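So you know, we letter chains A, B, ... as the sequences are listed, proteins then strands, and number each from 1. Because the structure is predicted, anything quoted here is derived from the model rather than measured.
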Protein chains: 2
Amino acid sequence: MKSATPEKSLSAQIADAIRTAIVDGRLLVGDRLPSEAELSDQHGVSRATVREALKRLAAQSLIRTERGAFGGAFVNHLSYDAARAQQVTTSTLLLGMNAISFQVACEARYALERSCTALAAERRTDALLDRMRTEIDTQSTPDLSDEAFCASDVGFHRALVDCAGNEVLSYHLAGSVEAMQPLMNMITFTARSRAEIIDLHRAIVAGLEIRDVASVDRALATLEAYTITLGQSVLKARATR
Amino acid sequence: MKSATPEKSLSAQIADAIRTAIVDGRLLVGDRLPSEAELSDQHGVSRATVREALKRLAAQSLIRTERGAFGGAFVNHLSYDAARAQQVTTSTLLLGMNAISFQVACEARYALERSCTALAAERRTDALLDRMRTEIDTQSTPDLSDEAFCASDVGFHRALVDCAGNEVLSYHLAGSVEAMQPLMNMITFTARSRAEIIDLHRAIVAGLEIRDVASVDRALATLEAYTITLGQSVLKARATR
DNA sequence: GGCATTTAATTGTCTGACAATTATTTTGGC
DNA sequence: GCCAAAATAATTGTCAGACAATTAAATGCC
C-alpha cells in the first residue's frame with residue numbers, strides 16, 4: 001500500500017528486508033546469511049549499520065550468530081519454548097504498563113483457560129493427570145513459600161492445558177496464562193485459601209479422570225470466582241489500611 | 001542461580017542490564033536513558049557496542065530513539081497494538097517453522113475463540129454488532145479477492161472477541177487468531193463455501209444480538225467443522241493431483 | 001511579543017583498524 | 001601413511017574517531 005517509508009533508519013530497513021525474507025520463506029531455517037561484509041556491499045552501507053540490523057533480528061530470535069571461520073548469521077529454528085518465553089516477556093510488560101485491574105486480568109485468564117476443557121477431558125492422559133497430582137502434593141506442603149506455591153500453580157495449569165493434546169493451543173494458552181501470573185501474585189495466599197484452591201485442583205483432576213467436562217468447567221468457574229474474591233479482599237484490606 | 005554467563009557478547013549483556021532495569025521498574029515509561037556517549041562511559045565500552053545493545057531493545061519495542069538535542073532513548077509505552085503485532089510475528093513464524101497440520105491449527109483457533117462467547121453475549125454493544133455486519137457485507141461483495149475475504153474474516157473475528165469487553169482477553173485472542181490466519185489461508189474459498197461461512201457469521205451476530213450463548217457456540221462449532229472439512233478437501237485435491 | 005538565526009546536544013552513519021574465535025589446511029615428526 | 005601441532009583464512013566482536021542529520025533551546029533582531 002504505502003510506499004512512503006517514513007524515514008526509518010537504514011539499519012531498521014535492512015532488518016525489515018531480512019525479516020521479510022525469512023517470514024516469506026526465501027531464507028529457510030538453518031540457512032546462513034551472507035557475511036556482514038557481503039551484506040554491507042549488497043546494501044551499500046557500512047558494516048556497523050549491517051551489524052545493528054542483525055542485532056535487531058537476533059533480539060527477536062530470528063537469527064543467531066556464530067563466530068569464527070564459516071561462522072556467520074544463521075536463520076534460527078524457533079522452538080515452542082523460545083516463542084513462549086518471548087510472548088511472556090512482551091505480554092508481562094504490556095500488562096505491567098497498562099494498569100490492568102485484577103478483575104479484568106483474572107476474567108481473561110480463566111476465560112482463556114476454559115477454552116481447553118472440552119479437549120482436555122477427551123484426551124487427558126494418565127501421565128498428565130499424575131503431573132497434576134504431583135503439583136497438588138507440592139502445593140499441600142506445609143511452610144511452602146508463596147513463590148513456590150505460585151510456581152506449582154503455574155505447573156498445574158500448564159499440565160491442564162497440555163491435556164488438550166494440541167501443541168498450538170498449549171503454546172498460546174501457556175504463554176497467556178503465564179504472562180498474567182505477576183498480576184495473580186498480588187494475592188498472598190493464606191493457609192485457608194490454599195486449602196480451598198487445592199480442593200478445586202483436586203476437583204479438576206477428578207473431573208478430567210472421568211472425562212466430565214461440565215465438572216471441570218464448574219471447578220474452574222469456582223476457582224475464578226474465588227480468586228476474584230481473594231483479590232477484592234486484598235484490595236479492601238489495602239484501602240482501609 | 002547460575003552466575004557463569006556463558007560468554008555473551010558485551011552488547012547483549014548491556015541490553016540485558018537495561019532490559020532488567022525496565023522490567024523491574026527502575027526505569028519507568030517515558031524515562032530517558034543516558035545518551036549513548038554516557039552509556040559508553042558507564043559501561044566502559046565503545047559507542048558502537050552501546051548502539052547494538054539499544055537496537056536490540058528497540059527491536060523488542062522496549063525503547064524508542066529520537067534524534068536531535070534532548071533526543072535520546074526513551075522507555076516505550078507498550079501499546080496493545082504494538083504488543084499484538086509482535087506476538088503475531090513470533091507466533092506466525094513459530095507455526096510456519098513447525099509443520100503444523102491444518103486440523104491442529106484449526107482446532108486451536110476455534111477453541112481459543114470460543115473462550116470469549118459467554119462474555120461476548122453478555123456485553124456485546126450495538127456498535128460492535130454493526131462492525132460485524134459491515135464485515136459480513138464486505139464478505140458478500142461479488143468478485144471479492146481471496147485476500148480481501150480473509151482480511152474481512154479477521155476483522156469479523158476481531159470484532160467478535162472485542163464484544164467480550166475485556167481488553168486483556170481481546171489482546172490475547174486477537175493475537176492468537178491472527179497468527180493462525182496464514183494457516184487458515186491454505187483454503188481457497190469458492191463462492192459456495194463463502195456463502196456458507198457468511199451464513200454462519202450471520203448466525204453468530206444474531207445469537208449475540210439476543211444474547212444467546214448456546215447459539216453462538218453452535219455457530220462457531222459448525223464453522224470449525226466446516227472449515228476443517230474444507231481443509232481436508234483441499235488436501236485431498238492436492239494428493240490426487 | 002514574535003519571528004528568524006544560531007547553537008548545542010544527540011542520534012545515524014561511515015571508515016579503518018585490531019582482537020577473538022574457529023574450521024580448514026598445512027606442516028612436521030614418526 | 002598417520003597423527004598432532006602449527007599456521008591460515010574467514011568471520012564476528014569491539015574500538016576509536018570522524019562527520020552528517022536532526023531538533024530543542026537560546027539568542028538576536030524587529
(request) Any chance you could list the contact pattern along nucleotides 7-14 of chain C? Use B for base contacts, S for sugar-phosphate-only contacts and - for none, protein heavy atoms under 4.0 Å, 5' to 3'. (result) -BBBBBBB
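In this view, A/T125 satisfies the side-chain hydrogen bond (donor to acceptor under 3.5 Å, both in side chains) rule with no residue, not counting sequence neighbours. For B/F149, the ring pair (Phe, Tyr, Trp, His ring centres under 6.0 Å) partners two or more places apart in sequence, or in a different chain, are B/F189. With sequence neighbours left out, B/F156 forms a ring pair (Phe, Tyr, Trp, His ring centres under 6.0 Å) with B/H201. Looking at residues two or more places apart in sequence or on another chain, you find a side-chain hydrogen bond (donor to acceptor under 3.5 Å, both in side chains) between A/E224 and A/R114. The side-chain hydrogen bond (donor to acceptor under 3.5 Å, both in side chains) test applied to B/Q86 returns B/S61, not counting sequence neighbours. B/R19 pairs by the side-chain hydrogen bond (donor to acceptor under 3.5 Å, both in side chains) definition with B/D16, B/Q60, not counting sequence neighbours.
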(request) Assess whether side chain to side chain contact (heavy atoms under 4.5 Å, CB included) is satisfied between B/L33 and B/I18, documenting all intermediate values. (result) CA-CA 9 Å; B/L33 273 62; B/I18 299 175; 3.8 Å; yes
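Atoms CZ (A/F74) and P (C/dT22) sit 12 Å apart, rounded to a whole Å.
One axis for each end of the helix from C/dG1-D/dC30 to C/dC30-D/dG1, each built from five base pairs, and the angle between them comes to 20° at 10° resolution.
Applying the salt bridge (Lys or Arg N to Asp or Glu O under 4.0 Å) rule to pairs touching residues 74-87 of chain B yields B/D81-B/R84, B/R84-B/E178, sequence neighbours excluded.
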